[in-house]
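Let me give you the structure first, and then I'll get to my questions.
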Protein chains: 2
Amino acid sequence: MAEAPVKPPAVRGPVTIQDVARRAGVSTATVSRALAMPDRVTDATREAVFAAIRETGYTPNAAARNLRAKTTKMVLVLLPGIGNSFFTPILNALEEVFSEAGYGVLIGYTRQDRSRETHYARVIRAGQVDGVLLVTGHLPRDEEFTHFPYTVPVSLLLSEMPGYSGFSVFDVENRAAARTMTDYLIGLGHRRIAHIAGPTLNPEANERMAGYREALAAAGIPFDPGLLWTGATNFDFASGEAAARRFLDSTERPTAVFAAADEIAFGFLRAIRSAGVVAPRDVSVAGFDDTEYAFHYDPALTTMHQPRAEIGRRSAEDMLRRMRAGGDPEPTVRVRLPCALVIRESARRLD
Amino acid sequence: MAEAPVKPPAVRGPVTIQDVARRAGVSTATVSRALAMPDRVTDATREAVFAAIRETGYTPNAAARNLRAKTTKMVLVLLPGIGNSFFTPILNALEEVFSEAGYGVLIGYTRQDRSRETHYARVIRAGQVDGVLLVTGHLPRDEEFTHFPYTVPVSLLLSEMPGYSGFSVFDVENRAAARTMTDYLIGLGHRRIAHIAGPTLNPEANERMAGYREALAAAGIPFDPGLLWTGATNFDFASGEAAARRFLDSTERPTAVFAAADEIAFGFLRAIRSAGVVAPRDVSVAGFDDTEYAFHYDPALTTMHQPRAEIGRRSAEDMLRRMRAGGDPEPTVRVRLPCALVIRESARRLD
DNA sequence: AAATTGGATGTAATCGATTACAAGATACGC
DNA sequence: GCGTATCTTGTAATCGATTACATCCAATTT
């Protein structure tokens with residue numbers, strides 16, 4: 001008899017409200033009430049119920065509760081599924097707010113795949129979630145989304161969908177931010193400034209491009225189509241590398257390059273370095289996003305800070321408000337946050 | 001009459017199996033059967049049911065199904081909630097396999113917070129998920145996890161838990177990998193090799209440290225405690241920066257530094273660079289993980305590749321197998337994958 | 001032509017919680 | 001001492017699907 005035997009949990013298998021009621025000597029209704037409205041039962045009853053719950057290790061069955069309450073306490077977050085480290089702060093903030101409020105966070109990666117979009121649309125229609133947050137840049141191509149009102153509240157994060165309505169939108173002032181960055185580069189004395197644009201079909205990418213052109217125009221610098229590098233299919237390293245080939249092949253290279261995303265800038269920086277071109281010595285480079293690596297890269301990247309965590313937090317709070325409203329047509333909101341210029345090492349004053 | 005009015009969906013609000021049954025002129029049992037076992041109903045009936053489903057836009061209610069079937073088709077993935085870009089490939093692979101199999105992926109960030117761990121333990125006990133994947137490095141401190149068998153299958157990813165049993169474990173050969181890396185640095189002519197260890201309490205960090213010491217011993221290099229830099233609280237930039245201060249203050253600096261994680265290496269690289277020390281010119285640096293930035297950093301990082309996506313995929317497949325087994329005590333597995341040395345630019349032969 | 005077989009379908013119980021309603025108990029006022 | 005208001009608790013319906021069992025009908029066998 002070397003050690004005391006480990007005492008197994010009192011009850012194995014699913015403990016139901018019936019078990020608790022029997023043990024506490026009350027009805028299931030009373031157990032339910034003791035849990036939901038503790039002050040509607042006598043002190044003695046409450047004690048007995050809680051004791052029985054403790055002894056049995058009871059946890060209410062979620063499916064039964066959901067069925068009755070027509071609510072699931074779950075939200076679905078749809079992400080594109082590529083370049084995910086960018087989305088991490090958003091996801092983190094969302095999980096923080098939602099789990100605090102007792103909601104579970106279901107994630108779905110659509111990977112731009114239509115069948116995966118319909119898959120998740122079915123999850124929504126099946127009443128498996130109380131709300132949906134789209135961080136994909138577009139609506140799932142499914143009937144669920146072709147008509148307003150939707151069965152559950154829907155929010156758009158980081159991008160808007162002109163022409164559609166019925167959801168809250170949380171994004172940043174892409175155009176103004178790109179304008180600010182370009183103004184900054186111009187202020188450093190640059191006049192031949194290239195822009196590595198994001199995906200052509202992406203609204204944010206186009207806003208950033210517009211901001212870039214706006215700044216040039218305001219400074220009286222004629223727009224040179226040869227310095228607008230499009231063709232990116234994503235905000236990723238590869239797009240930066242493609243741009244680097246263009247840069248290196250140029251007869252007259254730009255003195256500054258403004259990338260539509262940090263990852264694009266990193267891909268660009270790495271690729272030109274292989275050719276012996278170093279930023280900021282030989283060319284100034286700026287990014288957009290202020291991802292965690294912007295600070296830690298070499299050179300530290302001058303970029304526009306996007307308040308990703310704040311977008312996550314605020315959209316989660318708005319979603320909670322709308323979900324709690326029940327079926328009522330709770331008003332949606334349109335939140336557009338400013339970005340902040342973060343000056344680091346990768347761009348410098350032109351000699 | 002400028003445009004054709006948009007036709008709203010046939011039915012608004014939740015469509016139940018009753019609605020479909022009524023419309024198809026059959027009983028709810030038949031609808032259910034037409035869906036679950038199409039060959040057990042006549043062609044005509046099946047047609048009628050499917051037509052009714054199409055017309056009404058019916059989707060089975062998940063809660064009702066879960067309640068009856070005692071299954072939720074959901075898995076919970078618990079993550080530490082810090083340094084998340086490292087976990088992204090795992091999460092991606094998990095979502096891919098699970099959603100393909102019709103399972104939803106619920107994420108939870110524990111942030112090492114006890115209350116958050118119990119929160120998610122309650123989610124598990126409530127029968128809200130059919131399986132749990134822990135990527136947190138430790139078991140949630142909750143009664144649910146103090147006794148085997150658990151209510152649902154549990155798997156451990158990236159770390160093991162000596163002394164506990166009942167779950168499948170998927171990790172990498174940390175010790176052998178660290179040995180290989182250290183051997184490689186020794187092979188480059190280095191003898192004063194420092195190791196920036198991971199968190200003291202982290203088993204993987206300790207295995208890597210053991211591999212480092214093993215290699216030194218095998219090469220006949222006496223272990224110098226002054227070159228084992230502990231004190232990291234996480235596998236993050238900050239720990240690398242702290243190590244950099246130690247490096248810069250050293251009277252006799254090591255010629256090579258092996259960091260227990262890529263992010264630690266990046267933090268180290270950036271901090272020494274501020275002091276004018278450049279890798280690999282002045283010091284060779286190696287990492288561990290092979291995160292996406294290892295390739296894109298400057299200098300490109302020599303590191304050990306951890307097959308994160310494969311860990312995600314294989315653990316998901318094992319989990320599916322165990323969940324499908326129902327309540328039977330399906331055997332667990334122990335998968336330990338090898339890492340691969342990835343030679344890039346940050347470490348070089350000692351002159 | 002009657003008996004038997006098998007396939008298709010319907011009826012109703014079931015999963016586990018919540019909650020409207022009913023009933024019982026207690027206290028209070030007259 | 002009795003009626004009424006208030007508070008507590010129990011009974012039973014309900015949420016929407018699945019499925020064991022019963023039933024019905026047509027095809028096959030004798």
Side-chain angles (χ1 to χ4, degrees), chain A residues 11 13-50 52-53 56-73 102 122-123 125-128 130 151 326-327, chain B residues 11 13-50 52-53 56-73 102 122-123 125-128 130 151 326-327:
Chain A
V11 178
V15 179
T16 72
I17 199 171
Q18 317 277 353
D19 301 322
V20 176
R22 202 172 309 126
R23 188 170 193 117
V26 298
S27 73
T28 62
T30 301
V31 175
S32 182
R33 274 189 289 254
L35 247 42
M37 332 168 228
D39 44 346
R40 298 292 305 268
V41 299
T42 48
D43 293 1
T45 310
R46 196 181 329 116
E47 291 294 301
V49 169
F50 284 165
I53 288 174
T56 54
Y58 166 72
T59 308
N61 178 284
R65 175 176 284 179
N66 293 347
L67 176 58
R68 183 71 227 252
K70 292 183 185 305
T71 185
T72 61
K73 295 282 196 165
R122 198 172 305 122
V123 167
R125 266 203 311 272
Q128 240 173 138
D130 293 347
T151 51
Chain B
V11 177
V15 179
T16 73
I17 198 171
Q18 318 276 355
D19 302 323
V20 176
R22 203 172 309 126
R23 191 172 192 114
V26 298
S27 73
T28 62
T30 300
V31 175
S32 183
R33 273 189 289 256
L35 246 41
M37 330 168 232
D39 43 348
R40 298 291 305 268
V41 301
T42 46
D43 294 0
T45 311
R46 195 177 336 111
E47 292 294 303
V49 169
F50 284 164
I53 287 174
T56 54
Y58 167 71
T59 308
N61 177 283
R65 174 176 286 179
N66 293 347
L67 176 58
R68 185 72 228 252
K70 293 183 185 304
T71 188
T72 62
K73 295 282 196 166
R122 198 172 304 123
V123 167
R125 268 204 310 274
Q128 239 173 139
D130 293 346
T151 50

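The figures here come from the full heavy-atom set of this structure, side chains too, leaving out hydrogens, waters and symmetry mates.
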- Message: Of the listed nucleotides (dT9(D), dT9(C), dA17(D)), which one gets closest to any side-chain atom of Thr42(A)?
- Response: dT9(D)
- Task: Please state how far atom CD in Gln128(B) lies from atom C1' in dG16(C), giving the value in whole angstrom units.
- Result: 14 Å
- Under 4.0 Å between any heavy atoms, over every strand shown, what does Ser27(B) touch: base, sugar-phosphate, or nothing? Just pick one. base
- Task: Let me know the distance between CG of Asp19(B) and C1' of dG16(D), rounded to the nearest Å.
- Result: 11 Å
- Message: Ignoring hydrogens, what is the shortest heavy-atom contact between Ala52(B) and Ala24(B)? Give both atom names and the distance.
- Response: CB-CB, 3.8 Å
- Query: How would you list, by chain and number, every residue that makes a side chain to side chain contact (heavy atoms under 4.5 Å, CB included) with Asp130(B), sequence neighbours excluded?
  - Reply: Thr71(B), Thr72(B), Tyr103(B), Met323(B)
- Using a heavy-atom cut-off of under 4.0 Å over every strand shown, decide if Ser32(A) touches base, sugar-phosphate, or nothing. base
- Query: Any side-chain heavy atom of Asn61(A) within less than 4.5 Å of one from Pro14(A)?
  - Reply: no
- Arg68(B): side chain to side chain contact (heavy atoms under 4.5 Å, CB included) partners, not counting sequence neighbours: none
- Message: Over all strands shown, is Val26(A) touching base, sugar-phosphate only, or nothing at heavy-atom distances under 4.0 angstrom?
- Response: sugar-phosphate
- Roughly how far, to the nearest 0.5 Å, is CZ of Phe50(A) from OG1 of Thr45(A)? 11.0 Å
- Message: Roughly what angle, to 10°, lies between the helix axis at the start of the helix from dA1(C)-dT30(D) to dC30(C)-dG1(D) and the one at its end, five pairs per end?
- Response: 60°
- Item | Whole-Å distance separating the NZ atom of Lys73(A) from the P atom of dA17(C) | 17 Å
- Between dA17(C), dA17(D), dT9(C), which nucleotide has the shortest distance from any of its atoms to the side chain of Tyr58(B)? dA17(D)
- Item | Distance, rounded to the nearest Å, where Glu47(B) contributes CD and dA8(C) contributes C1' | 16 Å
- Item | Residues which pass side chain to side chain contact (heavy atoms under 4.5 Å, CB included) with Ser32(A), listed by chain and number, not counting sequence neighbours | Ile17(A)
- Taking atom CD of Gln128(A) and atom CG of Asn66(A), what is their separation to the nearest 0.5 Å? 9.5 Å
- Residue list, side chain to side chain contact (heavy atoms under 4.5 Å, CB included) with Arg125(B), at least two apart or on another chain: Thr59(A), Arg122(B), Asp142(B), Glu144(B)
- Task: Evaluate the side-chain proximity of Val41(B) to Val49(B): yes if any heavy-atom separation is below 4.5 Å, no if none is.
- Result: no
- Item | Gln18(A) CD - dG10(D) P separation (whole Å) | 13 Å
- Near-strand residues of residues 63-70 of chain A, defined as heavy-atom separation under 4.0 angstrom from DNA chain D: Leu67(A), Arg68(A), Lys70(A)
- Nearest to the side chain of Val41(B), which nucleotide is it out of dT9(D), dT9(C), dA17(C)? dT9(C)
- Message: Quick test of your reading: applying salt bridge (charged side-chain N to carboxylate O under 4.0 Å, His left out), list the pairs with at least one residue in residues 25-46 of chain B, sequence neighbours left out, ordered by first then second residue.
- Response: Asp43(B)-Arg46(B)
- Partner set under salt bridge (charged side-chain N to carboxylate O under 4.0 Å, His left out) for Arg22(A), not counting sequence neighbours: Asp19(A)
- Closest approach of Thr16(B) to Tyr58(B) (non-hydrogen atoms, all atoms of both residues): C-CE1, 3.6 Å
- Message: Can you list, in residue-number order, the parts of residues 33-40 of chain B that come under 4.0 Å of DNA chain C, counting heavy atoms only?
- Response: Arg33(B), Arg40(B)
- Message: Among dG10(D), dA17(C), dG16(D), which nucleotide has an atom closest to any side-chain atom of Asn61(B)?
- Response: dG16(D)
